[in-house]
Amino acid sequence: MNTKSHLACDYSHINCLRDSEKTPHSLKSFVSFSIFPERVVPFLSRPTLPALALPSGQYLFSSNAICRHTCLPALQQALHMAVLQGKSSEVSKVLQGPINVLEQSLSKRNAPYLTGVQYGLLCEHKSLKAWFDRVAAMNACQSAAQKVLQGKGLQGMKSYMQKQPAPQSSQCRETQPCNSNSEEGGERVVSEEEMEAAALTWSKGLNTCPPATKKQHPILPQEGKRNVLVTSALPYVNNVPHLGNIIGCVLSADVFSRYGHLRGWNMLFVCGTDEYGTATENKAREEGLTPQQICDKYHAVHSSIYKWFQIDFDYFGRTTTEKQTEIAQDIFWRLHERGFLIEDTVEQLRCENCQRFLADRFVEGICPHCSYPEARGDQCDKCGRLINAVDLREPQCKVCRQTPVIRSSKHLFLDLPKLESQLEQWLEKSTSTGDWTANAKQITRSWLRDGLKPRCITRDLQWGTPVPHADFKEKVFYVWFDAPIGYLSITANYTNEWEKWWKNPHQVELYNFMAKDNVPFHSVVFPCSLLGAQDNYTLVNHLIATEYLNYEDTKFSKSRGVGVFGDMAKDTGIPSDVWRFYLLYVRPEGQDSAFSWADMALKNNSELLNNLGNFINRAGMFVTKFFEGCVPVMELQEEDKKLLALVSWELQQYIQLMDKIKIRDALKHILNISRHGNQYIQVNEPWKKIKGGDSERQRAGTVTGVSVNIACLLSVMLSPYMPAVSQTIRDQLNAPPSCINTMLEGNGTFVCSLSAGHRIGAVSPLFQKLEADQIEALKKKFGGQQVFDSAAVPAPAVAVEVGTVNQVDPEKAKQLTQAVAEQGEKVRALKAQKAEKAVITAEVAKLLDLKKQLALAEGKNPEPAPQKGKKK
């Protein structure tokens, strides 16, 4: 490809204009015709677009031909992912190869071009970026983009893309975890060596050693074993967890804990409810209960929800315990004695109407840095900068919407700057040797970038762990100093020998699971507390943070009835294993993802029912129907060995990914195996061969025997994801218990676990179809009762005159206050995501309308006085 570039328009340019203006092809054509008045010409001398030099010595001058030869498959795949699947973060993986080729040619490099870590598609491809910049600056490009996309970005092509078949690409298999069929990328090439090795492993059969025993409590670290301590971020006790909370913390941790146990690791999985702080006090006030009663009530709710979701905690505790007070106060005194705490008088916002100091998240106002109108008292959602609440302009109490006043109060601070060098040394080791997700590393680096600041660890509250210092006896510990210590106190309530886990860094590996908003407190604040305590504490080795899970195209909201919350899932009639499967299928590992009823039905019906369930059921039914319930004799041919090799490779990939906590990606390989199995059965047609001669009957037996053994393997691999279904499969196959620890040994060992003559049990279908009307009803049920939507609650017909006394409605005001807060969160999220202006404007209008309704419910004039200019 040379830089003296040429353009030729072929007839496909003209034809595509007749189809639709909103296609990738028409965008290119509009640009072409804007630049060149000629309609169809063979060659042009203008150095505008590149020509492609093929290895044969021929040149491609048509831009269509160049795209089809070099980039079109990847571009189609990238558009499909970005527009229809919402996977913008994975687009770079698809386009990287073609872009490397273009860059190499444009820069006239002849040597192979290998890229390093990429932070953007073109940032390290200077020649290609320069060309893109020149072309993008052309008026022709800009007008064509406006005409085709109509200001909607890639979403302008959504209707066109939805009508196109899913692109088939060799890269699809590697870049789309879970969401693509393996056959789209073509079958993996298997060598003779792999086939023979797989057949040899298969022939070894199950281990003679006894299967893994049931857990013996209390679980303690053991010499010579891999001792793994798993924690899930402690859920706030004051609310009911929604699906995003469940996948972000407890479910992900549960899958990894179950997997580790199957691998023979010595696992301890602890969690519990986080029960102290302002949020609990507020909830108690709302419900007319004491904080302790609120904690007791919602701890039971959480426990019930997690039990239904089959979260297999070794211990699920809580933070309102004597052990919590004892351990937190011990760490406090150790920090104090070693000079890592400092005193300071700080100005705080106090709401005189509520008669209390306001916690950071219960005040909002205008950001002092970027003027965002709805910044919280601790951080601005728009610019991301940390904020001191008193620096907010025009602050408001989020509970009563009154303006708070500034009051001084003496507090204790953790001297993070003094601990910064120790923290950085530890982080360098932990992040380089452990498995930290990319977002965890990035968030931690952002905190360290500008240097750490002292962080307040006390609060003017009543409900919390009391500060034992005489000068601060009226205060409690700030929840983010106190809450992570809950991991220790919960373990201490589980076993008196808790220090064998938490003061044993050389023998214990610690995994923390959480959503990304909890990262800095687990990677900076809590480690600094433990480092400063100087008591040989176990620090996190692996920090696994998810992005956010949204509900359809919005956020979960209990008050608005939007989204599925943990206490509602069981009422849908959908088994918990199916919920687990889908949440893990869409687990937000690299970017935010969304729960979708339509997609859940699609995945249930295609992946579970038609793929996984179909294969396992057919394999078992063939044994029952054709061989009287006994596994037939198997004589392996080359085709069977090839399948064993393919399955073995998928198993090895599964183990590698699960070891690295790539939970969603590992699930892809389970589904790939059942696809291989279905294809194997379909090609060999054992239901026909069983009716033939001896050789054909033998072939039917081999295919059936191999298939039912693959079904047994699938039951083992599914166990962390779908424990009930996994057990059902093994029960139906009457599988020996030792199949579990044998299959997951080392890098993966696919052996013949159901040998000839093995009698299986009764076989029945594993999954049920989710019908369209059922899903539509559920979508409507959980789509929100638009009680406070501007369309549902009409504005007053007559304007309220200044000075008129409106009727106060406390209950409605309370509901509207919550609705205003949630609508404000929605607007902030849309702005942070840089959504379309029209969408943001519509949501802002709803917010303003809600605020007017709130003012009326509180007996106030809904229109603020002009001179105040207050922006709510």
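Excluded from the calculations below are hydrogen atoms, water molecules and symmetry mates; all remaining heavy atoms, backbone and side chain alike, are included.
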Taking side chain as C-beta onward, heavy atoms only, is [X] less than 4.5 Å from [Y]?
X      : Y      : result
Trp501 : Asn227 : yes
Val240 : Tyr298 : yes
Ile305 : Pro241 : yes
Glu420 : Leu416 : no
Val346 : Phe413 : yes
Ile342 : Pro454 : yes
Phe309 : Leu251 : no
Val270 : Val230 : no

Is there a donor-acceptor pair under 3.5 Å between the side chain of [X] and the backbone N or O of [Y]?
X      : Y      : result
Asn512 : Thr231 : no
His522 : Asn518 : yes
Asp314 : Phe269 : yes
Ser529 : Val525 : yes
Glu547 : Lys516 : no
Thr437 : Ala545 : yes
Gln462 : Glu474 : no

(request) Go through the steps for Glu286 and Asn282 under the test side-chain hydrogen bond (donor to acceptor under 3.5 Å, both in side chains), then give the verdict. (result) CA-CA 6 Å; Glu286 287 176 14; Asn282 283 342; over 6 Å; no
Pair [X] + [Y]: basic N to acidic O under 4.0 Å:
X      : Y      : value
Arg263 : Asp659 : yes
Asp254 : Arg580 : yes
Arg318 : Asp296 : yes
Lys500 : Glu497 : yes

Any side-chain donor near an acceptor of the partner, [X] and [Y], under 3.5 Å:
X      : Y      : result
His302 : Thr273 : no
Ser252 : Arg587 : yes
His542 : Glu509 : yes
Thr538 : Asn504 : no
Arg334 : Gln534 : no
Arg356 : Thr278 : no
Glu347 : Asn388 : no
Glu223 : Gln507 : yes

(message) I'd like to check the ring pair (Phe, Tyr, Trp, His ring centres under 6.0 Å) partners of Phe472; sequence neighbours left out, ordered by chain and number.
(response)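 In terms of ring pair (Phe, Tyr, Trp, His ring centres under 6.0 Å), with neighbours along the sequence ignored, Phe472 is linked to His469.
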(request) Please identify each residue that fulfils salt bridge (Lys or Arg N to Asp or Glu O under 4.0 Å) with Lys475, with sequence neighbours left out. (result)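 For Lys475 the salt bridge (Lys or Arg N to Asp or Glu O under 4.0 Å) partners, ignoring immediate neighbours, are Asp460.
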(message) Before we go on, tell me: are the rings of Phe526 and Trp480 under 6.0 Å apart, centre to centre?
(response)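 They do not qualify: ring centres at least 6.0 Å apart.
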(request) Could you give me the CA-CA distance, side-chain angles and deciding distance for Tyr478 and Thr458, then say whether side chain to side chain contact (heavy atoms under 4.5 Å, CB included) is met? (result) CA-CA 5 Å; Tyr478 177 37; Thr458 55; 6.0 Å; no
(message) Within this structure, what is the CG-CG distance for the pair Asp435 and Asn541, rounded to the nearest 0.5 Å?
(response)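 Going from the CG atom of Asp435 to the CG atom of Asn541 covers 10.0 Å.
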(message) Measuring from atom CE of Met514 to atom CG of Leu234, what distance do you get when rounded to the nearest 0.5 angstrom?
(response)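 Interatomic distance, Met514 CE to Leu234 CG, rounded to 0.5 Å: 10.0 Å.
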Is the count of non-hydrogen atoms from other residues, nucleotides or ligands lying under 6.0 Å from [X] atom [atom1] greater than 12?
X      : atom1 : result
Lys662 : NZ    : no
Asp471 : CG    : yes
Lys429 : NZ    : no

(request) For the pair Tyr511 and Phe256, name the ring-plane relationship: parallel under 30°, tilted 30 to 60°, perpendicular over 60°. (result)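 It falls in the tilted class, 30° to 60°.
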(request) Classify the ring geometry between Phe477 and Phe332 as parallel (under 30°), tilted (30 to 60°) or perpendicular (over 60°). (result)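 Geometry flag for Phe332 against Phe477: tilted rings.
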(request) Provide the closest heavy-atom pair for Tyr721 versus Ile663 in the form atom of the first, atom of the second, distance. (result)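 Heavy-atom minimum between the residues: OH-O, 2.6 Å.
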(request) List the atom of Glu275, the atom of Trp463, and the distance in Å for their closest heavy-atom pair. (result)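 Closest approach of Glu275 to Trp463: O-NE1, 2.8 Å.
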